[in-house]
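Note on naming: letters A, B, ... go to the chains in the order of the sequence lines (proteins, then strands), and numbering restarts at 1 for each one.
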Protein chains: 2
Amino acid sequence: MALRKRPPPRQTSAPMIQLGILNRRLGYFARRLQVWIFQDFIRRLASVDLSPAQFSVLVVIGANAGLSQAELSATLGIERARLVRMLHRLERRGLTQRLPSSADARRHALRLTREGGRLLARAKRLSDEHEAGLIERFGSKRYRILIEALREF
Amino acid sequence: MALRKRPPPRQTSAPMIQLGILNRRLGYFARRLQVWIFQDFIRRLASVDLSPAQFSVLVVIGANAGLSQAELSATLGIERARLVRMLHRLERRGLTQRLPSSADARRHALRLTREGGRLLARAKRLSDEHEAGLIERFGSKRYRILIEALREF
DNA sequence: TATTGTTATACTCTATAACTATA
DNA sequence: TATAGTTATAGAGTATAACAATA
């Protein structure tokens, strides 16, 4: 159920490799799609040096200033423990801040720095181009069907 | 662009966490789908103790007896280096074999052992149930649209 | 008692580079 | 020279458990 990066070599002399039952496994194709998209995303956002996960963290902080790490963790499905390291990095890069929460001393209120906001704006523009590439590749009709089916899931 | 395991808590008192632009990113939803499917797959195949990647390796070897590690690697997008370890494990479990290739002394001809074939048969049955669960969850019409769109990709 | 952020550990996966033996 | 399989390493991601501070 792992990924096939490229179609297998279809040389006339070499025997074609069969996928067998994987051809009827949605998980196999979902994985292929996800890896392909992430690779494209990483390439397109190379100039801002953000991974898909880092991008998602900045987007959610940007859209929910003051949220806690636990909320961010639950929203994106990133382990609380893992978030700590990620936020350290983003903070070292001057993109995010952890401020004391006024209501609850255990919490941190997360927000973007001004520089974080600026970088995120650039990243969003690049991710728009990435998405436009996907739309073109799928065809806009199939793209819409796909994203709507997955969104409801 | 990471995963949200469950919808965020929609308590009336707590502010709803917004996904922002992630709502318009196919990669975000593709990742969610893939992780969800893999988690279900792992749960369903717990009794045969096969990961999605191990399952895919057994399926492709089963459908292409005698193929080489390089061919398997290219088909599934698993690094040649990584395959070595995976095949060691499967071999230690008595599921696969690496036989000398008659034509080319550099190659190994991969095949399932009888036990590997039996385990794969059981695993395929479990994966059928997993797939049936997906079809039910999506609805068979939407499932078909999805898998056909992804297969063509 | 439960939750938040944190540290630590072990395992998996990915990405490389380099080595050997063969072609 | 190039290819197949292998070894080794570093980085990222995942899954846990445990801890201190706070609720």
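Panel note: side chain B/S73, backbone B/I78; a donor-acceptor pair is recorded below 3.5 Å. Using modelled atom types, no side-chain atom of B/E152 and backbone atom of B/A149 make a donor-acceptor pair closer than 3.5 Å. Checked by atom type and distance alone, the side chain of B/R107 never pairs as donor or acceptor with a backbone atom of B/P100 at under 3.5 Å. Checked by atom type and distance alone, the side chain of A/E71 pairs as donor or acceptor with a backbone atom of A/S68 at under 3.5 Å.
For B/A81, counting side-chain heavy atoms from C-beta on, the closest listed nucleotide (C/dA15, C/dT16, D/dT14) is C/dT16. When distances are taken from the side chain of A/R80 to each of C/dA15, C/dG5, D/dT6, the shortest belongs to C/dG5. Closest to the side chain of A/V84, from the set D/dA15, C/dT7, C/dT4, is C/dT7.
Here C/dT6 presents its P atom at 10 Å from CG of A/L83, a figure rounded to the nearest Å. One atom, CD of A/E79, and another, P of C/dT9, lie 18 Å apart when rounded to the nearest Å. Whole-Å rounding puts the B/L87 CG to D/dA4 P distance at 15 Å. A straight line from CD1 of A/I78 to C1' of C/dT4 spans 17 Å, rounded to a whole angstrom. Atom P of nucleotide C/dA8 and atom NE2 of A/H88 are separated by 10 Å, given to the nearest angstrom. Going from atom CZ of A/R107 over to atom P of C/dT6 covers 13 Å, rounded to whole Å. Rounded to whole angstrom, the span from the CD atom of B/Q34 across to the C1' atom of D/dT14 amounts to 13 Å. Here the P atom of nucleotide D/dA4 and the CG atom of B/L67 are 12 Å apart, to the nearest Å.
Dashed line: the shortest gap from a side-chain N or O of B/R89 to OP1 or OP2 of C/dT12 is under 4.0 Å. The phosphate of D/dT6 has OP1 or OP2 within less than 4.0 Å of a side-chain N or O from B/R98. Distances shorter than 4.0 Å separate some side-chain N or O of B/Q69 from OP1 or OP2 on D/dT6. Phosphate contact (OP1/OP2 of D/dA8, side-chain N/O of B/R85, threshold under 4.0 Å): absent. Under 4.0 angstrom from either OP1 or OP2 of D/dT22 there lies no side-chain N or O belonging to A/H108.
Annotation: cation-pi pair B/R31/B/W36 absent, no NZ/CZ under 6.0 Å from the ring centroid and within 45° of its normal.
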Atom pairs under 3.5 Å, N or O on each side, protein against nucleotides 20-23 of chain C: can you list them with distances?
unit_1	atom_1	unit_2	atom_2	d
C/dA23	OP1	B/A105	N	3.1

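For the residue pair B/R25 and A/S127, a side-chain donor N or O sits within less than 3.5 Å of a side-chain acceptor on the partner.
B/R93 has its side chain within reach of B/D49: a pair of non-hydrogen atoms, C-beta onward, lies under 4.5 Å apart.
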